[in-house]
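Let me begin by presenting the structure, written as structure tokens, before commenting on it.
Quantities reported herein were computed from a predicted structural model and do not represent experimental measurements.
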Amino acid sequence: MSFPLLTATAVLPALGAIATAAVPAARRTAAKWLALLVSLGTLALAVTVLVRYDPDGDRYQLTESHSWIADFGVRYELGVDGIAVALIALTALLIPFIILAGWHDADPLETGHKRWRPTQGFFALILAVEAMVIISFEATDVFLFYIFFEAMLIPMYFLIGGFGDRAHEHGEETAATQRSYAAVKFLLYNLAGGLIMLAAVIGLYVVAGNFSLTEIAEARANGSLDMATNTERWLFLGFFFAFAVKAPLWPLHTWLPNAMGEATAPVAVLITAVVDKVGTFAMLRFCLGLFPEASKWATPAILVLALISIIYGALLAVGQRDIKRLVAYASISHFGFIILGIFAMTSQGQSGATLYMVNHGISTAALMLVAGFLISRRGSRLIADYGGVQKVAPVLAGTFLIGGLATLSLPGLAPFVSEFLVLVGTFARYPAVGIIATFGIVLAALYVLVLYQRTMTGPVKPEVAKMPDLRIRELVVVAPLIALLILLGVYPKPVTDIVNPAVKQTMSDVQKKDPQPEVEAAK
Amino acid sequence: MENLIALLVAAPLLGAAVLLCGGRRLDAVGHWIGTVLAAVSFVIGAVLFADMLGKDAEAREIGQHLFSWIPVEGFQADIAFQLDQLSMTFVLLITGVGTLIHLYSIGYMEHDERRRRFFGYLNLFLAAMLLLVLADNYLLLYVGWEGVGLASYLLIGFWQHKPSAATAAKKAFLVNRVGDMGLSIAIMLMFTTFGTFAFGPVLESAGETSEGKLTAIALMLLLAACGKSAQVPLQSWLGDAMEGPTPVSALIHAATMVTAGVYLIVRSADIFNLAPDAQLVTTVVGAVTLLFGAIVGCAKDDIKKALAGSTMSQIGYMVLAAGLGPIGYVFAIMHLVTHGFFKAGLFLGAGSVMHGMNDEVDMRKYGGLRKYMPVTFVTFGLGYLAIIGFPGLSGFFSKDKIIEAAFAKGGTEGWILGGVALLGAAITAYYMTRVMLMTFFGEERWRSRPTASPDQPDVEPAAEHQGAHAEPHPHESPRSMTIPMIVLAFGSVFAGAFFGIGDRFVHWLEPVTGHKHGHPPVSALTITLSTVAVLVLGAGLAYLHYGRRPVPAVAPRGSLLTRAARRDLLQDDFNHVVLVRGGEHLTRSLVYVDHTLVDGVVNGTAASVGGLSGRLRKLQNGYARSYAVSMFGGAAVLIAATLLMRAV
Amino acid sequence: MNPVNYLYLAALLFTIGATGVLIRRNAIVLFMCVELMLNACNLALVAFSRMHGNLDGQIIAFFVMVVAAAEVVVGLAIIVSLFRSRHSASVDDASLMKL
């Protein structure tokens with residue numbers, strides 16, 4: 001038996017979480033370094049997965065399969081396709097930056113707290129989330145996936161509810177109330193989605209007799225498992241609802257601005273760049289893979305919702321007064337694009353959507369983490385409290401601008417490639433939808449530039465006059481992200497090479513062919 | 001040779017990267033790094049040009065394929081360059097004028113502490129602009145297209161501490177994004193129609209699809225061109241863009257970037273040729289803009305904004321020519337090049353005047369400067385003669401051809417377009433003479449002025465390095481600034497004759513754009529003569545208004561038209577009321593809706609569940625007997641139910 | 001004697017016990033009423049056993065007695081300790097364990 005690489009990739013951060021939590025109270029710094037090391041180790045394992053994965057090989061690779069709950073046919077089955085590999089790599093890549101960016105977020109307020117333990121808890125929870133996210137990407141058993149899809153909520157709940165921004169414009173008590181409101185809202189929304197999905201999971205078992213993604217998909221493909229149209233649709237809706245909450249899709253989105261607004265910036269990145277990706281990933285893998293017919297049936301409605309998400313999220317981002325909530329609404333708009341790409345059911349759309357998941361992770365991380373650095377300096381999340389920062393802290397402003405430009409999909413930066421692919425893929429099948437979605441790019445420019453103008457330009461406000469520029473630790477966080485944005489914008493081939501075969505598979509799952517051009521142009 | 005093309009883009013890109021990431025260490029030499037790399041790019045361009053001249057006209061197009069950019073199923077996007085005569089023309093213009101303006105900026109920005117960054121942005125602009133004209137497919141062109149937009153954003157807002165500059169930068173980017181939307185829709189249409197968006201295949205097989213599709217593509221391309229080239233209805237950003245440093249206005253907002261729209265139309269000639277409706281719209285847009293810009297230019301007292309109006313108007317000529325089809329493409333590009341020379345020269349001259357006048361931009365506070373700035377006066381004067389189309393100078397050759405081509409369009413359209421173009425020439429002569437007279441002639445209004453009118457926030461001094469309210473001491477600018485002006489003045493004088501005599505330029509570009517000789521309904525000589533006549537008329541009228549009479553230091557109220565023109569013919573007010581205010585209301589009400597309705601439904605559900613459980617809680621009163629009652633009640637119901645079931 | 005009469009008696013005793021549970025407050029009385037109901041059930045069980053001629057009902061009656069005895073032990077202990085702490089055997093005074 002070969003080395004269980006996929007298990008190791010998920011188990012390492014899990015063990016790391018336990019070890020970090022066990023570090024004695026006085027050795028806070030050691031806990032931080034331990035967490036960082038573990039996350040780097042996980043990154044190394046993820047890179048190994050990336051290297052060992054063969055784009056031209058089988059659909060699911062590095063598979064592991066063990067019996068788990070034999071009575072119900074639940075198996076411990078892992079396996080990755082190109083999409084999962086890309087997202088595992090993204091997750092493993094972002095966690096070290098999140099840890100580094102949140103280095104001081106859980107420190108005791110004043111020194112001398114001998115028995116202060118939340119620091120350990122903070123980093124342990126981040127690692128726990130990483131472990132669960134990675135295993136959700138790897139699971140090819142629906143039940144296994146479901147367990148970790150839900151279990152993720154627990155550490156996320158504590159991360160949102162337990163750790164907030166240091167200073168708050170309405171005082172610590174209000175902040176705590178709002179935080180716990182946000183955490184409970186996050187939990188309830190996602191639990192509701194999860195419970196409906198549980199019903200669908202049980203329903204699937206009743207119909208199919210096991211939980212194995214590969215087996216069910218195969219049985220469906222060769223006709224040995226016949227599902228009544230209505231059954232398939234109900235099951236699809238059950239799954240889709242949970243993923244749409246997680247993604248989040250309008251009108252199930254309102255938990256995200258609260259959660260991202262109240263959480264610290266690194267946790268906000270964890271939510272939107274990592275955890276939410278499980279939702280869109282699962283749409284591709286489970287909704288399209290298990291219920292191709294129902295997916296096609298629901299496509300028009302989902303496209304409309306995605307379109308609303310794009311425009312609505314962008315318009316609301318324009319109207320925000322709070323930096324972090326603005327980024328949250330921008331993310332809602334971007335998730336609209338991802339879902340649009342998935343359900344346009346063209347190769348370009350789906351490749352674009354997968355690429356979009358990766359690129360959005362990186363670009364939001366860059367923007368949000370810099371925003372977090374900014375907020376930690378002034379102690380306010382309100383846009384109106386800033387002004388003229390670029391004069392005082394040019395590097396901070398410059399990196400913020402690049403993060404913003406990536407968010408508005410400037411060509412040359414990574415998100416442009418994915419956004420354009422999604423638009424082209426959508427346009428090829430649904431021209432009107434593609435054109436309306438294009439309005440999103442104008443609105444994106446609006447909210448990003450308005451944010452930049454109000455915070456960074458203009459006369460220097462007295463409160464920001466003494467603001468220090470980015471520190472070394474912060475630069476170490478931001479610079480690689482920006483480098484990646486540029487690299488993947490100019491040369492996205494490494495990612496597309498991994499993703500393309502998986503997209504081809506998905507396209508054949510749903511039995512859709514790309515629309516052909518009207519004129520066969522001279523080559 | 002092919003491999004040099006990438007270097008053309010790489011040199012300024014390297015400059016931008018080094019200057020922007022280099023930090024303060026490079027402050028001392030940054031401007032030289034930027035200038036040298038721009039010059040390197042120009043030299044490479046010249047080498048390629050020499051090589052191209054050595055080949056036959058048909059074999060001049062070369063290309064370079066770097067790598068596959070976005071390899072996705074059924075989708076092919078490459079990083080690949082194409083260099084033909086059209087691109088070559090632009091490369092020389094961009095790198096040539098670009099290098100001169102780099103040189104000029106060394107002196108102009110001498111006192112700015114962020115000079116290094118300024119040069120970094122300029123280099124970034126050059127790289128993006130070169131990418132735009134060298135790309136061999138529309139998607140890569142789009143990268144350059146937005147790249148120049150970004151550079152323009154950064155440079156307009158270079159003095160970010162001024163809210164007006166930051167706002168102008170944002171506005172420019174946003175308006176351009178509307179145009180970019182057109183470009184991306186055009187590319188998507190091409191993809192679904194042709195399965196590709198590389199120039200070669202798309203343009204070759206343009207004839208195989210329906211006219212409706214082509215018209216849609218062409219109109220979307222026109223929308224993009226309107227954004228970038230400040231054509232009606234997306235022209236509003238250009239005037240505000242004058243908030244940027246003057247070299248930026250000269251390079252980006254006069255000579256190169258704003259002409260990208262014309263490049264796009266001419267490049268897509270094969271599509272436009274097959275879509276006559278789109279061509280008609282293009283000519284109308286051009287004609288309207290050329291009048292719009294000219295009228296605005298007549299009313300502005302800010303020298304840069306007057307020139308910006310003029311830029312709009314001149315690009316209107318080019319768009320008009322490009323809309324005329326094969327009879328106009330060559331002349332559109334020819335006017336573009338000559339305009340690049342004289343308008344850049346005029347802007348640099350304006351910059352030089354501002355440099356000597358404590359960054360004053362209000363022409364009403366100039367006057368009689370010819371004695372103090374002889375070099376500026378002469379170079380500006382030559383640029384002036386060139387732009388109004390004084391016989392023998394550059395503008396004469398290029399503009400006259402466009403007017404001819406407009407008449408040659410034929411029918412009523414031809415008469416209308418030609419008439420508009422002639423009228424535009426008259427107004428051009430008027431407003432440029434006005435600028436000339438107000439700046440260099442007349443009494444010295446900058447002396448002993450009682451009090452400056454303080455309530456003009458948009459004409460406040462552009463840079464902060466000098467006391468703004470001291471009486472200025474006009475002086476000639478340093479050599480690094482005058483040399484570029486002199487070079488450009490040479491271009492303004494001789495370029496037109498060089499291109500025009502013997503149809504050199506036509507032969508040069510014909511293989512790319514195609515050319516048909518237009519036949520105007522009246523003889524070419526008549527048109528030329530009437531052009532000269534309206535020119536004299538316009539200039540004479542301006543002399544009557546501003547040369548014979550003293551210019552008041554505070555602008556008179558003026559007629560209704562004047563006041564409207566000062567406000568950019570109210571388009572900004574329209575935008576403000578409809579888009580800005582409307583948008584604010586929309587977003588605000590949406591925020592409210594999100595909070596109360598979308599969130600409210602969920603919170604309402606939660607609240608009603610909470611309320612219900614609050615009621616239910618009352619039942620738990622702690623008295624054993626009430627529990628017992630409910631128990632007995634429940635048991636009784638159960639028994640009754642059982643009996644009932646059995647009975648049924 | 002007709003065994004049905006025993007059932008009438010059982011029903012009567014049960015009703016008396018139930019009414020007592022519902023209307024009395026003294027814990028001891030309540031307790032006795034509960035016992036009364038249990039024993040009414042026992043009586044009914046035995047009567048049924050007799051009527052149907054098998055022993056099942058009688059066996060269940062024994063079980064009920066055992067349970068009742070256990071209940072008495074626990075219940076009385078609770079009542080005594082309650083009385084000790086509150087000096088009252090009224091169940092209404094013990095209404096504190098509510099939300």
Side-chain angles (χ1 to χ4, degrees), chain A residues 188-189 250-251 253-254 312 315-316 318-320 346-348 351-352 388 390-391 398 405 410-412 416-417 420-421 423-424 427-428 431 434-435 438-439 441-442 445-446 449-450 453 456-460 490-493 496-497 500 503-504 507 514-523, chain B residues 20 67-75 79 117 139 142-147 150 153 157 160-163 165-167 169-170 173-174 177-178 180-181 184-185 187-189 191-196 198 200-202 204-205 208-209 213 583-584 586-588 590-591 594 598-599 601-602 606:
Chain A
L188 285 183
Y189 265 80
W250 188 90
H253 64 277
T254 51
Y312 185 88
L315 280 173
L316 273 151
V318 176
Q320 294 303 312
T346 52
S347 305
Q348 300 90 36
S351 290
Q390 73 88 27
K391 189 118 184 155
L405 292 174
L410 188 85
F416 168 73
V417 176
F420 193 78
L421 280 174
L423 285 175
V424 156
F427 186 84
I435 288 174
T438 315
F439 280 94
I441 70 172
V442 179
L446 186 62
L449 294 185
V450 168
Q453 187 192 356
M456 298 297 171
T457 70
V460 180
V490 178
Y491 195 64
K493 193 163 181 292
T496 51
D497 278 354
N500 282 341
V503 166
K504 214 172 192 171
M507 287 292 288
D514 285 331
Q516 288 304 308
E518 181 190 318
V519 178
E520 193 51 50
K523 294 287 172 198
Chain B
L20 293 179
F67 54 87
S68 173
W69 180 22
I70 311 177
V72 166
E73 186 80 17
F75 185 91
I79 305 274
R117 196 181 297 188
L139 196 64
Y142 187 49
V143 176
W145 191 264
E146 287 236 9
L150 170 67
Y153 168 77
Q160 301 186 323
H161 52 88
K162 285 198 305 175
T167 309
K170 182 187 68 181
F173 197 95
L174 281 177
R177 265 261 153 158
V178 176
D180 297 348
M181 207 177 94
S184 58
I185 292 176
I187 297 176
M188 292 192 276
L189 268 168
F191 178 74
T192 53
T193 314
F194 304 108
T196 173
V202 167
E204 273 164 35
S205 44
E208 293 171 36
T209 185
K213 274 251 169 78
E584 274 173 7
L586 178 67
T587 53
R588 240 179 257 154
L590 271 182
V591 169
D594 197 55
V598 182
D599 216 12
V601 168
V602 178

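Note that OH of A/Tyr312 is 6.0 Å distant from CG of B/Leu590, once rounded to the nearest 0.5 Å. Taking NZ from A/Lys504 and CD from B/Glu73, the interatomic distance works out to 4.5 Å, rounded to the nearest 0.5 Å. For the atom pair CZ (B/Phe194) and CG (B/Leu189), the distance works out to 9.5 Å, reported to the nearest 0.5 Å. Rounding to the nearest 0.5 Å gives a distance of 5.0 Å between OH of B/Tyr142 and CG of B/Asp180.
A donor-acceptor pair under 3.5 Å links the side-chain atoms of A/Asn500 to the main chain of A/Thr496, judged by distance alone.
Interface summary for chain B: among A/Gly319, A/Gly388, A/Gly412, the most heavy-atom pairs under 4.5 angstrom belong to A/Gly319. Note on B/Leu174, B/Leu586, B/Val178: by heavy-atom pairs under 4.5 Å with chain A, the leading option is B/Leu174. The residue among B/Ile79, B/Val143, B/Val601 with the most heavy atom pairs within less than 4.5 Å of chain A is B/Val143.
Between B/Trp69 and A/Phe416, the angle of the ring planes stays under 30°, which puts this pair in the parallel group of the 30/60° scheme.
Looking at A/Ser351, only its side chain comes within 4.5 Å of chain B, counting heavy atoms on both sides. For A/Phe439, the parts lying near chain B are the backbone and the side chain together; criterion is any non-hydrogen pair under 4.5 Å. Looking at A/Gln348, both its backbone and its side chain come within 4.5 Å of chain B, counting heavy atoms on both sides. Heavy-atom distances place both the backbone and the side chain of A/Pro492 under 4.5 Å from chain B. With a threshold of 4.5 angstrom between heavy atoms, A/Leu405 approaches chain B through side-chain atoms but not through N, CA, C or O. With a 4.5 Å cut-off on non-hydrogen atoms, B/Leu20 does not touch chain A at all. Neither the backbone nor the side chain of A/Val503 comes within contact range of chain B; no heavy atom of the residue lies under 4.5 Å from a heavy atom of that chain. For B/Leu150, the part lying near chain A is the side chain, with the backbone staying farther off; criterion is any non-hydrogen pair under 4.5 Å. For A/Val450, the parts lying under 4.5 angstrom from a heavy atom of chain B are both the backbone and the side chain.
For the pair B/Gln160 and A/Gln453, the minimum side-chain heavy-atom distance is 4.5 Å or more. Two residues are said to be in side-chain contact when any heavy atoms from C-beta on lie closer than 4.5 Å; B/Ile187 and B/Phe191 fail this criterion.
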